[in-house]
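Worksheet: the structure to be examined is printed underneath.
Note on naming: letters A, B, ... go to the chains in the order of the sequence lines (proteins, then strands), and numbering restarts at 1 for each one.
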Amino acid sequence: MPDPELSATTRLFALVDVNNCYVSCERVFNPSLEGKPVVILSNNDGCAVARSAEVKTLGVKMGEPWFKLKDLAKQHGIIALSSNYALYGDMSNRIMTVLRDFSPDVEVYSIDESFLGLNGLGSLWDSPTAMGQSIRQRIRQWVGVPVCVGIGNSKTLAKLANHIAKKRPDFDSVCDLSSMTRQDRDALFSTIDVGEVWGIGRRLSEHLRASGIDTVAQLRDASPAWLRSRFGVVIERTVNELNGLSCLALEDVAPAKKQIIASRSFGQPVLTIDELGESVSNYMTRAAEKLRRQNGVCEAIQVFVQTNPFKASDRQYSNGVVVPLPNASCDTRLLIRAALFGLAQIYRPGYYYKKAGVILQGISGASGQQQSLFTTYGDGAASEAMMRTLDTLNQRFGKGAVSIASAGTRNDWAMKRERKTPDYTTSWDELPVARAN
DNA sequence: TCTGGGGTCCTAGGACCC
DNA sequence: TCTGGGGTCCTAGGACCC
């Protein structure tokens with residue numbers, strides 16, 4: 001097999017990743033946090049979702065509940081901040097803008113990570129490493145946060161290089177695997193745990209180790225065919241990528257979401273359907289905004305509720321239901337009604353609810369705003385009739401007991417859906433009386 | 001009694017990512 | 001007392017069809 005790195009179609013990728021992103025963002029606006037142990041907490045200040053280097057050194061894990069950390073925090077003076085996603089999103093946009101100056105091909109992979117396509121840019125720089133250093137310095141200077149840069153012949157290798165740049169101080173925050181000698185790479189790969197590879201999670205690591213594959217080098221040299229038969233096609237692709245055979249393309253335009261989730265845990269347990277309904281309405285409002293932002297409509301919504309699984313002394317209950325819509329829609333009011341209808345079906349009184357959420361499903365893109373408006377309001381007798389039915393029901397049973405499934409024409413998707421879920425209540429006669437009192 | 005073969009679609013669940 | 005919130009893809013198996 002020819003060395004893919006020498007072929008004419010060799011690709012080159014960089015991965016730029018903000019160090020301890022949320023903490024670094026906070027430090028830009030509050031320099032007194034510099035050098036101190038800082039954690040950023042999730043919704044309701046529940047879990048640590050970002051840790052400064054000082055906190056990582058103390059052994060604090062990602063996702064660790066804050067209440068378990070309180071003693072350690074007191075002991076070491078850990079500063080805990082509630083998360084501020086508006087700030088992080090804004091900082092992220094600034095970084096991505098800087099990156100676009102370096103390459104026309106930028107894939108924003110997450111709030112703190114971007115892939116860059118480097119093909120064709122070689123003549124602009126002494127070396128990929130020189131470019132990486134320039135990226136790093138400019139983001140530090142213009143935005144104020146530290147980043148690491150990993151470079152390789154596939155996205156998986158760029159990710160791995162980034163990991164090395166972060167862990168090994170001698171690389172000075174930039175690691176280029178593509179220019180390294182085979183021996184140097186082997187030496188590195190044989191010291192890195194297989195679980196550090198992008199796409200190899202906890203489960204696969206366990207299985208691989210049981211098969212005698214402990215390091216990146218061993219995974220790279222394992223037989224793709226054997227791995228495929230044993231673990232599936234995803235890992236086969238990963239191994240090819242580790243060998244410098246680029247299988248994952250850069251996606252410079254973000255594909256539209258196929259589903260949109262909005263959910264939250266509650267600070268306090270919630271008992272009544274009215275409170276749940278209020279939350280569900282809020283989530284749906286947010287989800288519908290996201291849907292419209294991508295000019296989409298959805299054909300069904302799902303609503304779910306859950307008690308606190310960590311509280312063993314509580315009676316546990318969790319349930320969800322899919323509500324097909326008579327017409328694909330992005331209309332907030334209609335979607336909220338559908339969600340409340342679903343909620344009425346799954347709500348059971350007497351439980352301490354801790355979490356609820358909605359999922360928009362069957363999303364398709366509208367070709368433009370006009371089409372989605374037509375779909376929603378249109379001349380659709382179905383929609384109109386449905387709304388009237390809902391109003392009648394609301395008057396009769398009170399808020400929350402709303403039916404939408406009996407009105408209008410169903411599309412194919414919804415019909416199939418109905419066939420497969422026989423327990424789905426289609427008639428309002430069958431609606432449970434779901435109010436607590 | 002014996003009981004085909006090929007195909008699609010859908011779902012639930014599991015794995016992964018940040 | 002207090003335990004995040006999003007997403008994607010793959011696979012196995014069942015339903016259904018001819």
Report which part of the nucleic acid A:Arg286 touches: base, sugar-phosphate, or nothing (heavy-atom distance under 4.0 Å, all strands).
sugar-phosphate

Select base, sugar-phosphate, or nothing to describe what A:Asn308 touches, counting heavy atoms under 4.0 Å on all strands.
sugar-phosphate

Footprint string (nucleotides 13-18 of chain B, 5' to 3'): B base within contact, S backbone only, - free, heavy atoms under 4.0 Å:
--SSSS

Starting from P on B:dA12, measure out to CD1 on A:Ile359 and report it in whole angstrom.
12 Å

Under the salt bridge (charged side-chain N to carboxylate O under 4.0 Å, His left out) rule, what do A:Arg136 and A:Asp172 come out as? Steps first, then yes or no, please.
CA-CA 10 Å; A:Arg136 191 185 143 220; A:Asp172 197 21; 3.5 Å; yes

Between A:Phe266 and A:Val234, name the one whose nearest nucleotide on DNA chain C is closer to the 5' end.
A:Phe266

Output the rounded distance in Å from CZ (A:Phe231) to C1' (C:dC9).
18 Å

How long is the line joining NZ of A:Lys311 and P of C:dT1, in whole Å?
8 Å

Out of C:dC10, C:dT8, C:dG4, whichever nucleotide has its closest atom nearest the side chain of A:Cys47
C:dG4

Protein-nucleotide distance (A:Ile261, atom CD1; C:dT8, atom C1'), rounded to Å
10 Å

Could you state the CD-P distance from A:Glu64 to C:dT3, rounded to the nearest angstrom?
14 Å

Rounding to a whole Å, what distance do you find between A:Lys258:NZ and C:dG7:P?
13 Å

Take N1-N3 plus N6-O4 or O6-N4 for Watson-Crick, N1-O2 plus O6-N3 for G-U, both under 3.5 Å. Which runs of 3 or more such pairs involve DNA chain B?
B:5-18 with C:5-18

C:dT3, OP1 or OP2 - any side-chain N/O from A:Lys354 closer than 4.0 Å?
yes

If you define the side chain from C-beta out and look only at heavy atoms, does anything of A:Leu188 sit under 4.5 Å from A:Phe171?
yes

Step by step, work out the salt bridge (charged side-chain N to carboxylate O under 4.0 Å, His left out) result for A:Glu26 and A:Arg51.
CA-CA 12 Å; A:Glu26 296 287 350; A:Arg51 308 150 290 157; over 6 Å; no

A:Arg237 CZ - C:dC9 C1' separation (whole Å)
8 Å

Counting only side-chain N and O atoms of A:Ser42, is one of them less than 4.0 Å from OP1 or OP2 of C:dT3?
no

Among C:dG5, C:dG4, C:dT3, the one nearest any side-chain atom of A:Pro65 is C:dT3

Proximal nucleotide (of C:dG6, C:dC2, C:dG4) relative to the A:Lys290 side chain
C:dG6

Between A:Arg264 and C:dG6, is there a contact of a side-chain N or O with OP1 or OP2 at under 4.0 Å?
yes

Any A:Lys355 side-chain nitrogen or oxygen under 4.0 Å from OP1 or OP2 of C:dT3:
no

A:Phe115 ring centre to A:Lys155 NZ or CZ under 6.0 Å, with the angle to the axis within 45°?
yes

Do the rings of A:Tyr22 and A:Tyr88 sit parallel, tilted or perpendicular, given the 30° and 60° boundaries?
parallel

Distance check, C1' atoms only: C:dG4 and B:dC17, in whole angstrom units.
15 Å

Find out whether the Lys NZ or Arg CZ of A:Arg315 is both under 6.0 angstrom from the six-membered ring centre of A:Tyr351 and within 45° of the ring's axis.
yes

Let me know the distance between CG of A:Asp45 and C1' of C:dG5, rounded to the nearest Å.
15 Å

Salt bridge or not between A:Glu107 and A:Arg100? Use side-chain N to carboxylate O under 4.0 Å.
no

